[in-house]
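Here's the structure, in structure tokens; my notes come after.
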Amino acid sequence: DHPDLDAANEARRLVQAFTSIGKLQEFAGRPEDFRNWNEKSLEWSEKLATRLGKIAAGEKGVRENATNAFKEVAERCDKCHATYRDKRAK
């Protein structure tokens with residue numbers, strides 16, 4: 001009923017977003033740290049989506065791994081946004 005309340009679905013949306021960003025024509029012209037943050041965010045989002053899927057399937061012992069993956073994605077988002085998005089908005 002509410003796909004936005006489904007953590008695994010939201011993680012898959014992150015994977016789609018980071019994949020799409022990497023395919024943009026102007027992506028190659030962005031600074032190296034921007035590209036690296038996007039690529040690492042994509043990798044960690046994929047891990048997060050996989051781990052959340054395992055939790056949804058009832059697999060035990062993956063919650064901490066999912067939490068770590070979430071923290072890794074969030075850290076990269078924060079760094080990239082602080083450097084690029086937030087400065088531009090001011």
- prompt: Between OG1 of T19 and CG of L24, what distance do you get to the nearest 0.5 Å?
  reply: 11.0 Å
field: Side chain to side chain, N9 and R12, heavy atoms closer than 4.5 Å
entry: yes
query: Looking only at atom types and distance, does a side-chain atom of R35 sit under 3.5 Å from a main-chain N or O of F27, one as donor and one as acceptor?
result: no
- prompt: Which value, rounded to the nearest 0.5 Å, describes the distance between R63 atom CZ and L52 atom CG?
  reply: 9.0 Å
- prompt: Roughly how far apart are E75 CD and S41 OG, rounded to 0.5 Å?
  reply: 9.5 Å
- prompt: Can you tell if the side chain of D6 reaches within under 4.5 Å of the side chain of R13, non-hydrogen atoms only?
  reply: no
- request: State the CD1-CD distance between I21 and E26, to the nearest 0.5 angstrom.
  value: 10.0 Å
message: I want to check a possible cation-pi pair here: R76 against F18, using under 6.0 Å from ring centre and within 45° of the ring axis as the test.
response: no
- prompt: To the nearest 0.5 Å, how far apart are CZ in F70 and CD in E10?
  reply: 11.0 Å
message: Test of understanding: clusters of I, L, V, M, F, W, Y form through side-chain heavy atoms closer than 4.5 Å, transitively. Do L48 and L42 belong to the same one?
response: no
message: For the CD1 atom of I55 and the OG1 atom of T50, what is their distance to the nearest 0.5 Å?
response: 11.0 Å
- request: Considering only NZ, NE, NH1 and NH2 on the basic side and carboxylate oxygens on the acidic side, decide whether E43 and K47 come within less than 4.0 Å.
  value: no
task: List the atom of F34, the atom of C80, and the distance in Å for their closest heavy-atom pair.
output: CD1-SG, 3.6 Å
- prompt: What are the two closest heavy atoms between A8 and G53, and how far apart are they?
  reply: CB-N, 4.4 Å
task: Indicate the atoms forming the closest heavy-atom contact of K54 with V62, along with that distance.
output: CB-CG2, 4.0 Å
- request: Write down the atom of L14, the atom of S45, and the distance for their closest heavy-atom approach.
  value: CB-OG, 3.7 Å
